[in-house]
Amino acid sequence: MAPSNTEILFFVGAGEQVVGRDTVSDYPAAALAVTDIGGGFGELAMETIIAAEPDLVLASDITAPEQIAALQDVGLSVYVVPDPATLDDMYANLRTVAQMTGHEAEAEPLIAGLQARVTDVTEKTATVVERPVVFYELDSTDPNAPWTAGPATFVDTLITMSGGDNVGAALDGAWAQISIEQLLVENPDIIVLGDSAYGVTPENVTSRAGWEALAAVQSGAIYPFDDNLVSRPGPRLVDGLEAMARL
């Protein structure tokens with residue numbers, strides 16, 4: 001009942017056991033062949049879920065409490081996969097789901113592979129002396145006060161692990177708006193467009209009034225980015241780290 005849960009299930013080898021997925025789950029490609037049971041901040045197709053007779057329903061911290069209660073009321077076993085705060089927490093979720101679905105043995109080497117990839121990145125960035133200032137854009141509906149990722153988010157964590165300094169780390173709250181005036185003071189070296197999936201392009205950024213003074217705009221260091229790699233707390237967070245490190 002969350003894209004991250006769907007990705008975790010397929011990662012640990014339980015993909016063939018999945019009988020339903022929320023509307024937003026679109027990765028891996030095989031997940032699209034699984035019955036859509038609604039959700040994703042919308043209504044659940046309760047009759048479809050009940051007809052599938054699942055042994056286990058994986059919810060998340062963002063699943064509405066009333067949806068969880070409705071599932072439990074009809075006798076279904078619901079486990080809420082906790083929202084991880086660290087990569088170690090994410091590995092723990094992988095192990096828990098692997099255990100619950102009977103895939104402990106095959107999941108462990110896969111998790112070790114993720115950990116090795118993370119180590120490979122962090123060993124390369126540990127000695128970085130000049131850390132670029134990075135602005136991660138989430139929503140630029142108001143270009144004078146765009147939304148970004150603040151402290152204690154995976155965006156912040158992965159930027160830091162990649163050798164950069166997150167502009168949003170100094171803001172209050174996990175998701176916050178930053179004024180163009182403050183952005184000019186921070187003067188990011190790199191702009192990462194987490195909102196590129198919604199049609200935002202580097203050309204859009206360069207045409208914004210006042211943004212031409214930013215170092216990233218002047219050097220052309222504006223990059224589209226797949227926000228799913230950092231907003232879905234599953235195994236693809238490691239893909240996100242590698243992609244961020246390359247930038």
Side-chain angles (χ1 to χ4, degrees), residues 1-85 89-103 107 110 137-141 147 149 153-155 173-175 193-200 224-240:
M1 291 176 59
S4 54
N5 289 347
T6 301
E7 294 184 22
I8 289 172
L9 284 163
F10 276 86
F11 177 82
V12 301
E16 293 186 358
Q17 295 162 244
V18 180
V19 295
R21 51 98 183 168
D22 69 290
T23 300
V24 184
S25 290
D26 58 4
Y27 187 91
L32 294 173
V34 177
T35 300
D36 183 343
I37 52 84
F41 303 107
E43 294 295 322
L44 291 176
M46 291 295 296
E47 291 183 2
T48 303
I49 296 173
I50 294 169
E53 300 182 340
D55 300 300
L56 173 67
V57 177
L58 292 183
S60 75
D61 282 343
I62 62 172
T63 305
E66 56 269 25
Q67 291 183 332
I68 294 176
L71 293 165
Q72 293 173 328
D73 287 346
V74 295
L76 295 177
S77 177
V78 181
Y79 175 76
V80 178
V81 179
D83 195 16
D89 291 343
M90 185 270 287
Y91 301 143
N93 284 346
L94 298 182
R95 291 189 173 98
T96 297
V97 174
Q99 180 182 28
M100 297 177 85
T101 57
H103 294 276
L110 297 174
E137 183 173 280
L138 288 167
D139 183 348
S140 60
T141 302
W147 288 84
T153 61
F154 271 114
V155 171
W175 317 111
L193 300 179
D195 51 0
S196 61
Y198 303 104
V200 179
F225 194 84
D226 183 358
D227 185 67
N228 289 333
L229 299 181
V230 294
S231 64
R232 298 181 178 184
R236 286 202 295 163
L237 285 173
V238 177
D239 294 356

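None of the values given here were measured: they were computed from a predicted structure.
- Atom CD1 of Ile68 is separated from atom OG of Ser60 by 7.5 Å, given to the nearest 0.5 angstrom.
- Checked against side-chain hydrogen bond (donor to acceptor under 3.5 Å, both in side chains), Asp89 has the following partners two or more places apart in sequence or in another chain: Thr86.
- Gly13 and His103 make their closest contact through O-CE1, 3.0 Å (heavy atoms, listed as atom of the first residue, atom of the second, distance).
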What pairs of donor and acceptor atoms, side-chain ones from residues 29-48 against any protein atom, are under 3.5 angstrom apart with sequence neighbours left out?
from, atom 1, to, atom 2, distance (Å)
Asp36, OD1, Thr23, OG1, 2.9
Asp36, OD1, Gly38, N, 2.8
Asp36, OD2, Thr23, OG1, 3.3

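- Looking only at side-chain heavy atoms (C-beta outward), Phe10 and Val18 come within less than 4.5 Å of each other.
- With a 4.5 Å cut-off on side-chain heavy atoms, Asn228 and Tyr27 do not count as touching.
- No donor-acceptor distance shorter than 3.5 angstrom exists from the side chain of Asp139 to the backbone of Trp147, with no hydrogens or angles considered.
- Note that the CG atom of Leu138 and the CG atom of Leu193 stand 10.5 Å from one another [nearest 0.5 Å].
- Side-chain atoms of Thr63 do not come within 3.5 Å of backbone N or O of Ala59 as any donor-acceptor pair.
- Applying the side-chain hydrogen bond (donor to acceptor under 3.5 Å, both in side chains) test to Ser140 and every residue at least two apart in sequence or in another chain returns Glu137, Asp195, Arg208.
- Contacts of Asp26 classified as side-chain hydrogen bond (donor to acceptor under 3.5 Å, both in side chains), with partners at least two apart in sequence or in another chain: Arg232.
- Scanning for side-chain contact (heavy atoms from CB on, under 4.5 Å) contacts around Val97 gives Ile8, Leu9, Val12, Leu58, Val81, Thr101, with sequence neighbours left out.
- The two residues Leu71 and Val78 make their nearest non-hydrogen contact at CB-CG2, 3.8 Å.
- Checked by atom type, the side-chain pair Thr96/Asn93 shows no donor-acceptor distance below 3.5 Å.
- In terms of the side-chain contact (heavy atoms from CB on, under 4.5 Å) criterion, residue partners of Ala174 (sequence neighbours excluded) are, by chain and number, Thr153.
- For residues 48-60, no residue pair satisfies the salt bridge (Lys or Arg N to Asp or Glu O under 4.0 Å) rule, not counting sequence neighbours.
- With sequence neighbours excluded, no residue satisfies side-chain hydrogen bond (donor to acceptor under 3.5 Å, both in side chains) with Arg21.
- The shortest non-hydrogen separation linking Ser25 to Thr6 is OG-OG1, 2.8 Å.
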**Request:** For Asp226 and Arg236, run side-chain contact (heavy atoms from CB on, under 4.5 Å): C-alpha distance rounded to whole Å, both residues' side-chain angles, the deciding distance at 0.1 Å, then the answer.
**Result:** CA-CA 11 Å; Asp226 183 358; Arg236 286 202 295 163; 4.2 Å; yes
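- Sorted by first and then second residue, the salt bridge (Lys or Arg N to Asp or Glu O under 4.0 Å) pairs with a member in residues 63-83 form an empty list; sequence neighbours excluded.
- Considering every non-hydrogen atom in both Val24 and Pro3, the closest pair reads CG1-CG, 3.7 Å.
- Every residue meeting the side-chain contact (heavy atoms from CB on, under 4.5 Å) condition with Ile50, not counting sequence neighbours, appears here in chain and number order: Val74.
- Across Phe154 and Pro233, no two heavy atoms sit closer than the pair CE1-CB, 4.3 Å.
- Put simply, CG on Asp22 and CD on Gln67 are 10.0 Å apart, with the number rounded to the nearest 0.5 Å.
- Nearest heavy-atom pair, Phe11 versus Leu110, reported as atom, atom and distance to 0.1 Å: O-CD1, 3.2 Å.
- Qualifying side-chain contact (heavy atoms from CB on, under 4.5 Å) partners for Ala52, counting only residues two or more places apart in sequence or in other chains: Val19, Pro54.
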